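Taking it in order: structure first as C-alpha cells, then the write-up.
All of these numbers come straight from a predicted model, not from anything done at the bench. Index from 1, following the sequence.
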Amino acid sequence: EHDFKGKIAVEEFYFGTDPMGRDVFSMIWYGGRISLFIGLASTCVSTLIAVVYGCVSGMAPEAVDDLLMRFTEIILSIPSILIVIFIQAFLGQSDPLSIALVIGITSWMNIAKVVRSEVRQIRKSGFVTASKAMGGGFFHVLSRHLFPNFLPAIMFMIVTNIGSAIGTESTLSFLGIGLPIEVVSWGSMLSLSEKALLTDAWWIIVIPGVFLVATLLCITELANAMRRSTRERML
C-alpha cells in the first residue's frame, strides 16, 4: 500500500514539489502568467512614457530638446537595475502590478531617444505641417501622423523590453525584494534557490530557470525577426 501511494504521488507531481509542498508543475504554468503579465504591463507603461516624452522632445525648440535629452542621458548613466532596486526597496512588499509600474517607469529612456530622433526627421514633413495648420493638436498629430511612421523603428525595442522586464522581475525576486513568496512567478520560484541547494532539490532551480531562459530566447528571436522584416520593407 505504501509503494502504491508513493507511485501515485510521483505521477501526480511531474516536476516534484517545493519546500512548502507545492506542486512545481502547476506553479510553472501559473507563475508564467504572472511573469508575462509583468513583462507586458511594464512594457506598455515604458512605451507610453517613451512615446510621449520622445515626441515632446522632438517637436520642442532646440533648447528644450537639449534639456530633455541631457536629463535622459543622466538617468541612462545610472544602471537601471539599481534604480529599480532602490524604488522597490523603498516600497517594500508589493504585487505584480506595482512591480510592473516600477519597472515600466525606469525603462523608457532608450525608446524615447529613438522616438525623438525619428520625430526630428519627420516633424517638418508636409503632412505634419498641414495637420498643424488645420488646427490639429499635439496628441492628434502624434496619434495620426507621427506614431504610425516611427512605430516600425521601435518595435524591436518594445519586444526586447518585455524580456528585459521579465528578467528584472526575476532578479528582484531572487534578491528577496520582489514578489512575496506566496505570489507565484518564475522569479519568486528562483528565490527559493538557497533552500533548494541546502536540500539538494535541484529541480526547484533548474525547471523554472529553463522555462525562463527559453521564454527570453523566444522573445529575443521574435524581436530579431521583426527587425529583419522592418529592414526588408525599408529596402
Side-chain angles (χ1 to χ4, degrees), residues 2-47 80-81 84-85 87-89 91-104 106-107 156-226:
H2 176 73
D3 293 339
F4 177 75
K5 289 182 178 179
K7 185 179 294 184
I8 294 297
V10 171
E11 292 178 353
E12 287 179 351
F13 305 116
Y14 300 106
F15 292 164
T17 59
D18 70 351
M20 292 182 287
R22 297 179 298 182
D23 180 18
V24 175
F25 182 80
S26 301
M27 292 169 66
I28 284 291
W29 301 114
Y30 182 83
R33 296 190 304 172
I34 300 296
S35 295
L36 289 174
F37 167 78
I38 292 174
L40 292 171
S42 63
T43 299
C44 290
V45 173
S46 62
T47 302
S80 60
I81 187 64
V84 173
I85 290 174
I87 297 175
Q88 190 56 39
L91 294 177
Q93 293 288 348
S94 57
D95 54 27
L97 182 57
S98 63
I99 289 282
L101 289 175
V102 170
I103 297 175
T106 56
S107 58
F156 168 78
M157 302 182 72
I158 292 174
V159 176
T160 303
N161 262 17
I162 299 175
S164 299
I166 295 175
T168 302
E169 180 271 324
S170 300
T171 302
L172 292 174
S173 296
F174 181 79
L175 295 174
I177 56 176
L179 295 173
I181 194 171
E182 62 268 15
V183 179
V184 178
S185 72
W186 290 339
S188 64
M189 293 177 70
L190 291 174
S191 68
L192 300 172
S193 58
E194 182 178 353
K195 294 181 180 179
L197 292 174
L198 291 175
T199 59
D200 289 331
W202 55 267
W203 59 89
I204 300 176
I205 307 174
V206 173
I207 294 176
V210 168
F211 275 82
L212 177 62
V213 171
T215 301
L216 296 180
L217 288 176
C218 290
I219 292 174
T220 302
E221 286 302 313
L222 175 61
N224 288 331
M226 296 179 69

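Residues G39 and I166 come closest through the heavy atom pair CA-CG1, 4.0 Å. When all heavy atoms of V184 and M27 are compared, the pair lying nearest together is CG1-O, 3.6 Å. Summarising the geometry of I38 relative to A100, their closest heavy-atom pair is O-CB, 3.9 Å, with the distance given to 0.1 Å. In this structure, I99 and E169 approach most closely via the heavy-atom pair CG2-CG, 4.1 Å. A pairwise comparison of heavy atoms in L212 and S170 identifies CD2-OG, 3.4 Å as the closest pair.
Note that the CZ atom of F37 and the OG atom of S42 stand 9.0 Å from one another [nearest 0.5 Å]. Atom CD1 in I158 sits 8.0 Å away from atom OG in S46 (nearest 0.5 Å). With rounding to the nearest 0.5 angstrom, the CD1 atom of I162 is 12.5 Å from the SG atom of C218. Residue N161 holds its CG atom at 11.5 Å from CG of L40, rounded to the nearest 0.5 Å. Note that the CD1 atom of I103 and the OG1 atom of T43 stand 9.0 Å from one another [nearest 0.5 Å]. Rounding to the nearest 0.5 angstrom, the gap separating the OG atom in S35 from the CD1 atom in I28 is 9.0 Å.
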In sequence, state the C-alpha distance, the side-chain angles, and the governing distance for T171 and I85, and then conclude on side chain to side chain contact (heavy atoms under 4.5 Å, CB included). CA-CA 9 Å; T171 302; I85 290 174; 5.6 Å; no
Determine whether I219 and V159 satisfy the following criterion, side chain to side chain contact (heavy atoms under 4.5 Å, CB included), listing intermediate values before the conclusion. CA-CA 7 Å; I219 292 174; V159 176; 3.9 Å; yes
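Taking the ring pair (Phe, Tyr, Trp, His ring centres under 6.0 Å) definition, one finds that F211 meets it with W29, sequence neighbours left out.
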